Structures are given as C-alpha cells and as structure tokens.
Engineer: 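Got a structure for you, questions after.
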Amino acid sequence: MALALVSCCALAPGLLTACAKDPVPAPTTPTTSPTQHTTTPAETPASAATTPSASAAPSLSPELAAQRATALAMPKPPMPAEATENTQQGAVRAAVRFFELYRYAFVTGDTTDLAAMSEDRCVFCKSAIDDATALHKSGGWANSWTLRITNIEYNPPGEGKEYCGIRFTVISGESTTMNRHGELVEDPVEEAKIFLILRYSDGMWHVGGVSVK
C-alpha cells in the first residue's frame, strides 16, 4: 500500500495509503530503542470460516472467495502488556501495535481498535479508518502482508509537552488487494520513513499524528 505524502488518495494497500500531513512537534534528542520488530500475517485458524461482516464482493471466483474468507478471519493483533505502560518501551510497543492494527483494519474491515488509539486531530488516522471502511463496504479487502519495523528511535516529550515521538522505518512485504472497483491489484515491497507522535492518557497510548516520507 503506497504512502501518500501530499494528499489523501484512493486505497492501494500493500503498505499505507492515507494522508500524512499531520502536524508534528519538533523532535527532541532521540534515544535509540529496540531496533526491529517483524510481524507476519497471522495464520488463520481452521475454525475461522466465519461469515464476513462486510458486503460480499460480486462474482468472486472460488480462489478469490477463499482469499476473502481468510482475510476476514484474520486474528486481531494481541495487546502486549508493555504497550499499556507509561514508559519509553511502552510507547515503542504501542507505536508498533498501531501499524499492526492499521494492517488488520484493511484486511478485515474492523477499525474499532485502530479508532480507539487514534485522536481526533490525527489526519492520517481518520483517512486510514475511512479508506478501510470504504474498501470493505464496496466488497473489497486487502490480503495480509508482512510488516518489518526497524531503526526505531524514541524522542521524549519536550519540557512542558505531553507528546513523545517515535521515528522508524516500515518495510511492507508484497501483497494483493481487491479494490472497490473489483480489480485485483498487486502491491510490491515498499519502504517508508515514519514519525509518529503519541501521548499516554486514560491508561493507554493515543496517536496524535503520523508523518510519512
């Protein structure tokens, strides 16, 4: 899924398609955190032949129908205990989980947890939620893809500020998407630089903005 830096654009998953114009604070001196997280598409349980919650895509071949059923049955990313802690490591783990939930939203159409992490000010978040919802309402979906998150840096909040920053590189594996026009789109491996701001409140981390290049 290509990352759109200048404007919101139609979904083309593989990595991330959404607005990336959120305002971000000037970073303070970064502290290097764990350098890499790799998340792979979760295996679908044998019992996961659940009824899709989104609108059914018309005239799907047996192969595409099976792909869609597998996508909709993708297990929700687990919540690591560290991601709930108000610590540097907690912020890093929460940032990683945000992008796991991003992938989950486009694959399954379930944006509940992604929305719960997203603040109203986050333009990227709203665009991602709207695009994932529109894709599935039209009968489309994204097949899961691998995410490799590396070169992670933590930027503590400045004096009197509440938002910290997480800077990292996201490498998205190859994938395919059935778009809202009924076309199967192949998405190549892509790499993007991410700067994400988040703050801790009400016992969890909330994303206030995402900048992409």
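What you see is a predicted model; the values in this text were computed from it and never measured. We use all heavy atoms of the structure for the numbers below, so side chains are in, but hydrogens, waters and symmetry mates are not. The chain is numbered in sequence order, starting from 1.
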Engineer: For residues A94 and L198, report the shortest heavy-atom separation together with the two atoms involved.
Structural biologist: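 Smallest heavy-atom distance, with atoms named: CB-CD1, 4.1 Å.
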
Engineer: Is the backbone of F124 close enough, under 3.5 Å, to the side chain of S127 for a donor and an acceptor to pair up by distance?
Structural biologist: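 Here the side-chain-to-backbone pair does not exist.
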
Engineer: Considering all heavy atoms of both residues, which atom of M74 and which atom of S144 are nearest to each other, and what is their separation?
Structural biologist: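 Nearest heavy atoms, M74 then S144: CE-OG, 3.7 Å.
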
Engineer: Who pairs with T84 by side chain to side chain donor-acceptor pair (under 3.5 Å), at least two apart in sequence or on another chain?
Structural biologist: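 None.
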
Engineer: Tell me whether T70 contacts the main-chain N or O of A66 through its side chain, where contact means a donor paired with an acceptor under 3.5 Å.
Structural biologist: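 Such a contact is found between T70 side chain and A66 backbone.
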
Engineer: Ignoring hydrogens, what is the shortest heavy-atom contact between W145 and S175? Give both atom names and the distance.
Structural biologist: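 Closest approach of W145 to S175, heavy atoms only: CB-CB, 3.6 Å.
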
Engineer: If we only count heavy atoms from C-beta on, is the I152 to R167 side-chain gap below 4.5 Å?
Structural biologist: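 SC-SC contact between I152 and R167 ruled out.
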
Engineer: Check for a donor-acceptor pair, side chain of H136 on one end and backbone N or O of W141 on the other, with a separation under 3.5 Å.
Structural biologist: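 Pair absent, no side-chain N/O of H136 close to backbone of W141.
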
Engineer: Can any side-chain N or O of T108 pair as donor or acceptor with the backbone N or O of D110 at less than 3.5 Å?
Structural biologist: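 Yes, because the side chain of T108 sits within donor-acceptor range (under 3.5 Å) of the backbone of D110.
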
Engineer: To the nearest 0.5 Å, how far apart are CD in E162 and CZ in R199?
Structural biologist: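 Going from the CD atom of E162 to the CZ atom of R199 covers 4.5 Å.
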
Engineer: What distance separates H206 NE2 from C122 SG, expressed to the nearest 0.5 Å?
Structural biologist: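 The NE2 atom of H206 sits 12.5 Å away from the SG atom of C122.
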
Engineer: Just so I know, are the side chains of C164 and I197 near enough to count as touching, which here means a heavy-atom distance under 4.5 Å?
Structural biologist: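 C164 vs I197: side chains apart.
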
Engineer: Is there a path from L60 to L184 through hydrophobic residues (I, L, V, M, F, W, Y) whose side chains come within less than 4.5 Å of each other?
Structural biologist: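 L60 clusters together with L184.
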
Engineer: Should V189 and I171 be marked as a side chain to side chain contact (heavy atoms under 4.5 Å, CB included) after you check the CA-CA gap, both sets of side-chain angles, and the distance that decides it?
Structural biologist: CA-CA 7 Å; V189 174; I171 302 172; 4.1 Å; yes

Engineer: What closest approach, in Å, do L114 and A128 show between heavy atoms, and which atom pair accounts for it?
Structural biologist: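 Reported closest heavy-atom pair: CD2-CB, 4.5 Å.
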
Engineer: Given W205, which partner from the list N86, V92, I166 fulfils the side-chain contact (heavy atoms from CB on, under 4.5 Å) test?
Structural biologist: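 Per the side-chain contact (heavy atoms from CB on, under 4.5 Å) rule, the option paired with W205 is N86, out of N86, V92, I166.
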
Engineer: Under the side chain to side chain contact (heavy atoms under 4.5 Å, CB included) rule, what do I194 and V210 come out as? Steps first, then yes or no, please.
Structural biologist: CA-CA 7 Å; I194 307 291; V210 182; 4.0 Å; yes

Engineer: Mind checking side chain to side chain donor-acceptor pair (under 3.5 Å) for D130 and listing every partner two or more places apart, or none if nothing turns up?
Structural biologist: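 Listed in chain order: K126.
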
Engineer: Answer yes or no: is there a side-chain heavy-atom contact under 4.5 Å between V170 and E191?
Structural biologist: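 Sidechains of E191 and V170: no contact.
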
Engineer: Take atom CD in E183; do more than 12 heavy atoms of anything else shown fall under 6.0 Å from it?
Structural biologist: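 Buried by this count: over 12 neighbours within 6.0 Å.
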
Engineer: Do F195 and N155 pass the side chain to side chain contact (heavy atoms under 4.5 Å, CB included) test, and can you show the C-alpha distance, the side-chain angles, and the key distance before you say yes or no?
Structural biologist: CA-CA 10 Å; F195 184 58; N155 295 276; 3.6 Å; yes

Engineer: Do the two ring centres, one from F99 and one from F168, sit under 6.0 Å apart?
Structural biologist: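 Aromatic pair counts; centres sit under 6.0 Å.
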
Engineer: Heavy atoms only: give me the nearest A142-A71 pair and the separation to one decimal.
Structural biologist: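 Heavy atoms of A142 and A71 come nearest at O-CB, 3.8 Å.
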
Engineer: Between V212 and A192, which heavy-atom pair has the shortest distance, and what is it?
Structural biologist: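 Heavy atoms of V212 and A192 come nearest at CG1-CB, 4.1 Å.
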
Engineer: Please name all residues satisfying salt bridge (charged side-chain N to carboxylate O under 4.0 Å, His left out) with E85, sequence neighbours left out, ordered by chain then number.
Structural biologist: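 For E85 there are no salt bridge (charged side-chain N to carboxylate O under 4.0 Å, His left out) partners, ignoring immediate neighbours.
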
Engineer: For the atom pair NZ (K193) and NZ (K213), what is the distance rounded to the nearest 0.5 Å?
Structural biologist: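 If we round to the nearest 0.5 Å, K193:NZ and K213:NZ are 9.5 Å apart.
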
Engineer: If you draw the axis of the six-membered ring of Y163, does the NZ or CZ of R121 fall within 45° of it and under 6.0 Å from the ring centre?
Structural biologist: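 Flagged: R121 positioned over aromatic ring of Y163.
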
Engineer: Taking only residues two or more places apart in sequence, or in another chain, which ones meet D113 in a salt bridge (charged side-chain N to carboxylate O under 4.0 Å, His left out)?
Structural biologist: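 D113: salt bridge (charged side-chain N to carboxylate O under 4.0 Å, His left out) contacts with K76, R97.
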
Engineer: Under a 4.5 Å cut-off applied to non-hydrogen side-chain atoms, are Q67 and M178 in contact?
Structural biologist: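 Not in contact.
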
Engineer: Mind checking what makes ring pair (Phe, Tyr, Trp, His ring centres under 6.0 Å) contact with F98, not counting sequence neighbours?
Structural biologist: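 Not a single residue meets the ring pair (Phe, Tyr, Trp, His ring centres under 6.0 Å) criterion with F98.
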
Engineer: I'd like to check M117 versus M204 (side-chain heavy atoms, cut-off strictly below 4.5 Å). Are they in contact?
Structural biologist: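 M117 reaches M204 side chain to side chain.
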
Engineer: May I ask you to check whether N143 and T176 show a side-chain donor-acceptor distance below 3.5 Å?
Structural biologist: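 Yes, T176 and N143 have a side-chain donor paired with an acceptor closer than 3.5 Å.
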
Engineer: Among residues at least two apart in sequence or on other chains, which ones pass side-chain contact (heavy atoms from CB on, under 4.5 Å) with T133?
Structural biologist: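 Result, side-chain contact (heavy atoms from CB on, under 4.5 Å) vs T133: T111, I129, K137.
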
